[in-house]
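Heads up: the structure comes next, in structure tokens.
The basis for the numbers below is simple: all heavy atoms, side chains too, and nothing from hydrogens, waters or symmetry mates. First the proteins, then the strands, lettered A, B, ... as listed; each starts at 1.
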2 protein chains.
Amino acid sequence: MTTSEPAYDPHDFPPFAVATDIVVFTIRADRLQALLVQRNEDPYRLAWALPGGFVRPDEDLEQTARRELAEETRIETEPNFLTQLGAYGAPDRDPRMRVVSVAWWAVVPDLAEPEAGGDALYADILPVDDVLSGRLPLAFDHAKILSDALEALRSALEETTLATTFQSGPFRISDLRRVYEVVWGRELDPGNFQRKVRQTSGWLADTGETTSSKAGRPASLFTGPSKVTPLDRPVRRS
Amino acid sequence: MTTSEPAYDPHDFPPFAVATDIVVFTIRADRLQALLVQRNEDPYRLAWALPGGFVRPDEDLEQTARRELAEETRIETEPNFLTQLGAYGAPDRDPRMRVVSVAWWAVVPDLAEPEAGGDALYADILPVDDVLSGRLPLAFDHAKILSDALEALRSALEETTLATTFQSGPFRISDLRRVYEVVWGRELDPGNFQRKVRQTSGWLADTGETTSSKAGRPASLFTGPSKVTPLDRPVRRS
DNA sequence: ACAAAAGTGTTGTACTTACACCCATGA
DNA sequence: TCATGGGTGTAAGTACAACACTTTTGT
């Protein structure tokens, strides 16, 4: 065996830091929004950023993300609440030192105004559009992470029953359709959507309740599955 | 704002190391195989493992993976050859120190017997089945990484034109079908598969050549697209 | 009665599946 | 001639998109 390179010992080099960044999606006012925090530390002090922070020595990666989310925004979550998006580690992504960040994403029903804590000055829920269009710049490479998370979300709506997790209680089929329309930025045929989701077994459970509607015929109310599951046939996006 | 937690400075703690692990799939002898190296260092000295190694201070994550692949197995690759699978960072995954590893995967046509180099004693191409069944144990959490990469590969065959990248030159449609059958572990109808891939525009380019067949009617030879692209309609796996 | 939203019917097209069958070659 | 794999034909079944239409409520 030949060894053309000298042995590399990670102890010889300045340390890496490992962090997490978290994208939490919700729908409010018929727009897709994400939970953001205003930084209270340099670099990017006062800039908006994804919640997140450094992994501690004996901490699991997902646990870090859940802890930071709780510290910075008071949102408490279950294990497996977050889905891993990937690792972001360009050498220059943090001016202080080399940081590799593991990004996660999740969906929550519309929630109470978040409370800030930890390293965050404020926590707020802001439209994803505003970030992607550049009107709302984010710290570090967080706009790229948010953009990648959005694609993961759009794809998950095609392939899984995830959409129901945007709902906090029993919902109408048109509420579910609205989720698709908001996330995909495209209108869907109400009749065809109705059939599609009703025919998919294991997705909706009819509560027997109906809305006392403000306008139009009352709608049946449904609940989603207890766990997000893959769909046999996708809900076609195009 | 309240700060219930003391500020955390990553410099206060023992450093993390960031590494990469790489899954390279190929098909040989009608079996799905992966490139593995035999470790020449503790821990897990002499055990089989995925190729990979530590990220250097000024190195991009994908660049690390490509460099390690070249050092350990002499396989030279282009940028964007690798697809990121995710980050693996359980606190106890490496007994020496805290290591977070970013995993990548890729497909190559069957290749010459790989040459070992760097930290690897040997490099070889071994059946994925043998790892997943437990007959061939791997170091660290590499069996889990390989299993996750296999699922990503199976899914990519459904949704993209990736299958052609298993072929080194012009190929028959039945060669392409064999890729699906080997990766999915399931036989496909030859006639229907033929129509499906021929009708998908942007996938196959007819070279005009045919095989001088050993048995049966000669087959047209095709080449794949220059870039892997998503399919409008998936090749259904189930 | 009218507006509005829920939900069902209908029809054409596209795709999938199973499997029969023909085609072109080597032995 | 036969065996072998390449490739096409065909028909049933399924799914989807477009859109008309009926149902059930509030005003």
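Computed from coordinates, the Gln194(B) CD to dG9(D) P distance equals 12 Å when rounded to whole Å. In this structure, Arg233(A) atom CZ and dA17(D) atom P are separated by 13 Å, rounded to whole Å. Between Asn192(B) atom CG and dA12(D) atom C1' there is a gap of 13 Å when expressed in whole angstrom units. Between Glu209(B) atom CD and dG6(D) atom C1' there is a gap of 17 Å when expressed in whole angstrom units. Atom pair Arg198(A):CZ and dA15(D):P shows a separation of 18 Å (rounding to whole Å applied). Between the CG atom of Leu221(B) and the C1' atom of dG5(D) there is a distance of 14 Å, given to the nearest Å. The CG atom of Asp206(B) sits 13 Å away from the C1' atom of dG6(D) (whole-angstrom rounding). Atom pair Leu231(A):CG and dA15(D):P shows a separation of 13 Å (rounding to whole Å applied).
Side chains of Arg67(A) and Gln63(A): no donor on one and acceptor on the other come within 3.5 Å.
With a 4.5 Å cut-off on side-chain heavy atoms, Arg198(B) and Phe222(B) count as touching.
The pair Glu78(B)-Lys227(B) fails the salt-bridge criterion, with no side-chain N (NZ, NE, NH1 or NH2) lying under 4.0 Å from an Asp/Glu carboxylate O.
Contact check, Ser212(A) against dG26(D): no side-chain N or O comes under 4.0 Å of OP1 or OP2. Contact annotation: Lys196(A) side-chain N/O to dA15(D) OP1/OP2 distance is not under 4.0 Å.
Heavy-atom neighbours of Phe81(A) CZ from other residues, nucleotides or ligands within 6.0 Å: above the threshold of 12. At most 12 heavy atoms of other shown residues, nucleotides or ligands fall within 6.0 angstrom of atom CG in Asn80(A).
Picking from dA17(D), dG6(D), dT24(D) the nucleotide with the shortest atom distance to the side chain of Arg217(A) gives dT24(D).
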* Please report the C-alpha distance between Phe140(A) and Leu50(A) in whole Å, then the side-chain angles of each, then the deciding distance to 0.1 Å, and finally whether the side-chain contact (heavy atoms from CB on, under 4.5 Å) criterion is met. => CA-CA 9 Å; Phe140(A) 306 107; Leu50(A) 297 175; over 6 Å; no
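For the atom pair Phe166(A) CZ and Leu32(A) CG, the distance stands at 5.5 Å (nearest 0.5 Å).
Annotation: of the two residues near DNA chain C, Gly191(B) and Pro218(A), the 5′-most nearest-nucleotide partner is Pro218(A).
Where DNA chain C meets chain B (any atom under 4.0 Å from a heavy atom), the bounding nucleotides read 5' to 3' are dC15(C) to dG26(C).
At a cut-off of 3.5 angstrom, the base of dG9(D) holds at least one donor-acceptor pair with the side chain of Arg195(B).
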